[in-house]
Amino acid sequence: MDRMAEIETFVQVAESGGIGAAAERLGVAKSAVSRRLKELEERLGVRLVNRTTRQLSLTDTGKTYYERAVQILADLEDADQNAAALHGALSGRLKIAAPQSFGVMHLTPAVTGFLNNHPELWIDLDLNDRRVDLVNEGFDLAVRIGRLEDSSLIARRLAPVRNVVCASPDYLARHGMPERPEDLMAHTYLRYSNVPERRVFSWIDEHGRERVVNPKARLVSNNGNMLQAAAEAGLGIISQPTFLVYQSIREGRLVPILTDIEWWQLGAYALYPPGRHLSAKVRAFVDHLATCFGDPPYWDDLGDAGPVVRAMAS
């Protein structure tokens with residue numbers, strides 16, 4: 001049995017937590033995974049995995065061996081990819097997770113351009129607002145929008161993500177333009193549910209203190225595109241990232257309000273598992289994203305409102 005196949009099989013079993021899941025990832029029969037794992041343990045003369053009827057877990061020796069095995073596979077892939085990259089050829093699969101709205105709007109052109117430049121590469125892109133488990137689900141990297149939390153994942157900031165409060169011209173004509181954040185309490189609010197409620201209208205005042213207002217929401221949704229459409233229909237005020245509403249603002253369907261306020265800001269990040277070298281194809285894709293988004297990102301150009309957004313970044 002090929003030693004590298006044994007090592008790769010063991011790593012897949014460790015990361016997926018089971019024989020069946022590892023077999024699916026590798027595209028082989030479960031019996032082949034069991035056989036490779038058994039032969040690896042026999043060759044080493046140690047038990048790497050504790051087997052029960054419900055799950056598999058690594059022994060202490062298995063945990064140590066896993067760390068070294070992951071590094072060996074990463075080094076091998078990195079060597080292959082770097083050799084290929086010298087000739088401009090990246091190959092193999094990239095499995096990527098990203099939030100749905102951001103992915104459709106901003107990863108689509110980036111991914112298609114990257115694939116056109118690297119015809120031997122293929123991408124598995126999962127657009128979903130849930131937080132995937134990169135290691136256990138076999139993802140090479142994830143693109144996430146938010147503030148970095150304490151995590152074992154490695155992150156690279158791709159671009160700032162700034163919020164803008166806006167409403168339709170029709171809504172503002174009927175209800176008036178808010179002049180202070182506190183005025184939002186008298187307006188109809190459309191809330192994105194994947195953001196903590198107290199963070200939606202959060203800002204820093206002239207004394208450097210965080211201030212918050214929490215108007216009652218008439219409509220709550222976990223999809224920003226739906227809230228954007230509701231705001232364009234005149235149903236209320238939204239606080240959304242510029243990457244989502246920039247085209248509506250440029251075309252006049254939405255109007256920024258309270259533009260002198262520095263609202264709560266986030267970031268777009270590329271995250272990937274620790275303990276491995278960043279492969280040439282992952283590194284190339286992340287560099288490509290940063291170049292595509294720009295600094296400042298193209299979605300912060302809101303036409304006449306653009307200078308306001310850039311000023312908020314200072």
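Note that the numbering runs from 1 along the sequence shown for the chain.
Pairing each heavy atom of A268 with each of V161, the nearest pair is N-CG2, 3.5 Å. Listed here is the closest heavy atom pair of S202 and E210: OG-OE2, 2.7 Å. Closest approach of L125 to A98, counting heavy atoms only: CD1-CB, 4.5 Å. When all heavy atoms of F10 and L48 are compared, the pair lying nearest together is CE1-CB, 3.7 Å. For the pair L26 and Q12, the tightest heavy-atom approach, listed with the atom from each and the gap, is CD2-CG, 3.7 Å. Of all heavy-atom pairs between L172 and M177, the closest is CD1-CE, 3.8 Å.
Between W263 and L258 the shortest side-chain heavy-atom distance falls below 4.5 Å. Proximity of D126 to F139: side-chain heavy atoms (C-beta onward) are separated by under 4.5 Å at one or more points. Looking at Y192 and P241, their side chains never come closer than 4.5 Å, going by heavy atoms from C-beta outward. Using a 4.5 Å heavy-atom threshold, the side chains of W122 and R93 count as touching. A heavy-atom distance below 4.5 Å is found between the side chains of L141 and L94. You'll find the side chain of V245 reaches within 4.5 Å of the side chain of I238, heavy atoms only. Between V33 and E24, the closest side-chain pair of non-hydrogen atoms is not below 4.5 Å. The shortest distance between side-chain heavy atoms of Y189 and I237 does not fall below 4.5 Å.
Within 6.0 Å of CZ on R43 lie more than 12 heavy atoms contributed by other residues, nucleotides or ligands. Within a 6.0 Å sphere centred on CD of E179, other residues, nucleotides and ligands contribute 12 heavy atoms or fewer. At most 12 non-hydrogen atoms from other residues, nucleotides or ligands lie less than 6.0 angstrom from CZ of R68.
Distance CG/L271 to CZ/R157: 13.0 Å, rounded to 0.5 Å. In this structure, N214 CG and L184 CG are separated by 10.5 Å, a value rounded to the nearest 0.5 Å. Rounded to the nearest 0.5 angstrom, F114 CZ and L289 CG are separated by 8.5 Å. Here the OG1-CE distance, from T9 to M4, works out to 10.5 Å after rounding to the nearest 0.5 Å. Between the CG atom of N128 and the CD atom of Q100 there is a distance of 7.0 Å, given to the nearest 0.5 Å.
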### Message
With side-chain contact (heavy atoms from CB on, under 4.5 Å) as the criterion, how do R25 and E15 come out once you've worked through the C-alpha distance, each side chain's angles and the decisive distance to 0.1 Å?
### Response
CA-CA 11 Å; R25 287 189 186 183; E15 293 185 348; 3.7 Å; yes
### Task
Apply side-chain contact (heavy atoms from CB on, under 4.5 Å) to R36 and V13, showing your working.
CA-CA 11 Å; R36 291 178 188 177; V13 168; over 6 Å; no
### Task
Apply side-chain contact (heavy atoms from CB on, under 4.5 Å) to the pair L58 and V49, showing each step before the final yes or no.
CA-CA 4 Å; L58 299 184; V49 175; 4.0 Å; yes
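A donor-acceptor pair is defined here as one N or O able to donate and one able to accept, closer than 3.5 Å; such a pair exists between the side chain of H288 and the backbone of A110. Using a distance-only test at 3.5 Å, with no hydrogens or angles considered, a donor-acceptor pair links the side chain of D140 to the main chain of K95.
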Residues 226-233 side chain polar contacts: donor-acceptor under 3.5 Å, at least two apart:
unit_1 : atom_1 : unit_2 : atom_2 : d
Q228   : NE2    : E232   : OE2    : 3.4
Q228   : NE2    : S248   : OG     : 2.6
E232   : OE1    : R253   : NE     : 3.4
E232   : OE2    : S248   : OG     : 2.4
E232   : OE2    : R253   : NE     : 3.3

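Remark: S239 engages no residue in a side chain to side chain donor-acceptor pair (under 3.5 Å) (not counting sequence neighbours). Not counting sequence neighbours, the partners of F243 by the ring pair (Phe, Tyr, Trp, His ring centres under 6.0 Å) test are F102, H106.
At a threshold of 4.0 Å, the pair D287-R156 counts as salt-bridged, since one of the basic side-chain nitrogens sits closer than that to a carboxylate oxygen. The pair E182-R211 counts as a salt bridge, with a side-chain nitrogen and a carboxylate oxygen less than 4.0 angstrom apart. A salt bridge links R174 and D170; the closest N-O separation between the charged side-chain nitrogens and carboxylate oxygens is under 4.0 Å.
Note: the hydrophobic cluster containing L158 also contains V104 (ILVMFWY, side chain heavy atoms under 4.5 Å, direct or indirect links).
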